[in-house]
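Accompanying notes for the structure given below.
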2 protein chains.
Amino acid sequence: MLTIDLPFRTIEWKDRRLILLNQQALPEKLEYLEYTDYRKVIGAIKDLTVRGAPAIGVAAAYALSLASAEFLESVGKGYFKLMKKASEEIADARPTAVNLRWAVERITGLIKENADKPAEEIDKLVVREAKTIEREDVELCQKIGEYGAGLINNGDGVLTHCNAGALATAGIGTALGVIYTAAFSGKNIRIYSGETRPVDQGRRLTVWELAASGLDVALICDNMVASLLSAGKVDKVIVGADRIALNGDTANKIGTLNIAIIAKNYGVPFYVAAPYSTFDKRAKDGNDIPIEFRSGKEIVNKEKYEGIKGRIDVYNPAFDITPSDLISGFITDKGILNAGDISAKFV
Amino acid sequence: MLTIDLPFRTIEWKDRRLILLNQQALPEKLEYLEYTDYRKVIGAIKDLTVRGAPAIGVAAAYALSLASAEFLESVGKGYFKLMKKASEEIADARPTAVNLRWAVERITGLIKENADKPAEEIDKLVVREAKTIEREDVELCQKIGEYGAGLINNGDGVLTHCNAGALATAGIGTALGVIYTAAFSGKNIRIYSGETRPVDQGRRLTVWELAASGLDVALICDNMVASLLSAGKVDKVIVGADRIALNGDTANKIGTLNIAIIAKNYGVPFYVAAPYSTFDKRAKDGNDIPIEFRSGKEIVNKEKYEGIKGRIDVYNPAFDITPSDLISGFITDKGILNAGDISAKFV
């Protein structure tokens, strides 16, 4: 298996502290922030200091490890109650990515199973489980990369959207994991990244992490997708996912649905890359996935509109739902699946 | 006919000076700039101080009026040669909008026809023709508005892209002319405007001019079009055009093709609003329309990418070509046409 070493680390657990690469400061500054208070990690998830469905799952697990340390020392017998409250606060930090809730439930389930043990021992189990979630994420990315790279031909143009990269996971990324694996195994590919308004994860993060890792990349605005595909420059689209329903309907960063419809129009295969923790057993289809709407200030922030009499509203959904019939395949840690395989593999 | 008075003026000719609303300063500042040198008007067309296909046609006509004054006073007999050179410089300012070349050819044709007359008299004819082009543009917008408003039902949601408004013409605009006419004749409509990366004409100009004129508008990012249409919020899409080929293929601001494909996917009618000067008799189809590529700095300007080893390119076409089969109708000064009508009406 190909070993890929990238020149940055998105999430690290060290001396009972959580270290996060500050994704708000990129691409100008590669800066790491240290956390010892789980409440501040919730803030970091909300304000997108750490983002990407798998990464916020890992960050949530470590946030619970921080909470565990805090409550263990200061409260003693109230541990279970306080951990329950913390886990709810953490799970509510953002609504769409299912990995967040999945990671929290994995840890709270462990606490429940071991409720008869002393808190000190449970605390150790919590930290160990968080580390396991992180290590698994690294391995899941690697598997997704290996399976997905098989879909990429030498000479392909590949378009991605938002950031489903190393910055979105504890490993080499999902969609970008496929691209890294294809590129570093010697395939010559042209990589295109959409800007991804309004938070510009493509322009700030994807383009940075690919170029920081030594790869060439071309940036486009989100509205140039059809121009690019009509010019025949793209052979495959690969994106990540924040939550996938059992019928294959996929929630991902706003703009994904635009691209899926355009890809279908030009007959370009459209793949979703995601680990098993992104599949939501409780979501029958896309209607069961809540969509986060964010502040209009993400779009109109600095502008002052002189002398206006009408009202200016902003419509700002952070995600959209791509119906499964627009998706050519799901690149998972269990191989390339189609929508029909999902229930059999993940329920 | 409905009279619509807007609280700003995009282009004005006054005391042999050209006054342009500075569209670079919007929406923060409503500022007017005065021009007496045609070379500076070329600069204003290139740097988007004035933009929009019909508006740059009118600006080009007045630029030739400025050139005429200059060469009349300083050179005398060299007038024709200098005017020819100036007209070529002006026509080359931007490549895609055909109205620019159309306006220049209308004036140079007039000069040729009257070559036997004294320069002073030709100069008067040039200025008169420029004023005629401006006045015609006002009337064309009004007609387009009246015809198009008939397509809009009370309660409709209407999406537009870029700025095909009063700021893009000497009148009330083309696509926005339809919206103004529908709204000010009493129809209750919801207006959505795409941000229109990378120059943000939607966010800076369309949203400003609609709200300045007293209308409510909702802004979306360009990648939210599919989200918005899948939610059933849009009943009609109306955009402008920079050049329309005889088969109906339409060059318009980058992102138009994205929207047309998405509109077709959801069965939402997609209209192009444009005056007769936008139809190019010399373009058989979209392949005959040159597309302007602009500097990547329009997309990546302030960012510094720390510690990168790979190359970051930018793909920045200013326009795309929407094939005629995605267009439900052309809203023109001669009525609502389909692609098959174009040759009969405009050749």
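Here is the naming used below: chain letters follow the sequence lines, and residue numbers restart at 1 for every chain.
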**OP:** Take atom NZ of A/Lys187 as the centre, draw a 6.0 Å sphere, and report whether it contains more than 12 heavy atoms from other residues, nucleotides or ligands.
**Re:** yes

Original post:
Between A/Thr196, A/Ile261, A/Asp320, which has the largest tally of heavy atom pairs under 4.5 Å with chain B?
Top reply: A/Ile261

Original post:
Among A/Ile291, A/Ile254, A/Ile259, which has the most heavy-atom pairs under 4.5 Å with chain B?
Top reply: A/Ile254

**OP:** Give a yes or no on whether a salt bridge exists between A/Arg203 and B/Glu303, defined as a side-chain N under 4.0 angstrom from a carboxylate O.
**Re:** yes

Original post:
Quick one: salt bridge (charged side-chain N to carboxylate O under 4.0 Å, His left out) partners of A/Arg197, sequence neighbours excluded?
Top reply: A/Asp200, B/Glu195

Original post:
Side-chain contact, heavy-atom cut-off 4.5 Å: B/Pro317 with A/Met224?
Top reply: yes

Subject >> Donor-acceptor contact below 3.5 Å, side chain A/Glu306 vs main chain B/Pro27 >> reply: no

Original post:
Which of residues 155-165 of chain A have a heavy atom under 4.5 Å from any heavy atom of chain B?
Top reply: A/His161

**OP:** Could you tell me which of A/Leu26, A/Ile321, A/Leu30, A/Thr256 has the largest number of non-hydrogen atom pairs under 4.5 Å with chain B?
**Re:** A/Leu30

Original post:
Does anything in residues 207-222 of chain B get under 4.5 Å of chain A by heavy atoms, and if so which residues?
Top reply: B/Val207, B/Trp208, B/Ala211, B/Ala212, B/Gly214, B/Leu215, B/Asp216, B/Val217, B/Ala218, B/Leu219, B/Ile220, B/Cys221, B/Asp222

Original post:
Which of the residues B/Ile299, B/Val314, B/Ile191 is involved in the greatest number of heavy-atom pairs with chain A at under 4.5 angstrom?
Top reply: B/Ile299

**OP:** Tabulate, in ascending numerical order, the residues of residues 225-236 of chain B having at least one heavy atom closer than 4.5 Å to a heavy atom of chain A, or enter 'none'.
**Re:** B/Val225, B/Ala226, B/Ser227, B/Leu228, B/Ser230, B/Ala231, B/Lys233

Original post:
Rounded to the nearest 0.5 Å, how far does CG of A/Leu257 lie from CG of B/Asn223?
Top reply: 10.5 Å

Original post:
Pick from B/Val300, B/Asn265, B/Thr322: which one has the most heavy-atom pairs with chain A under 4.5 Å?
Top reply: B/Asn265

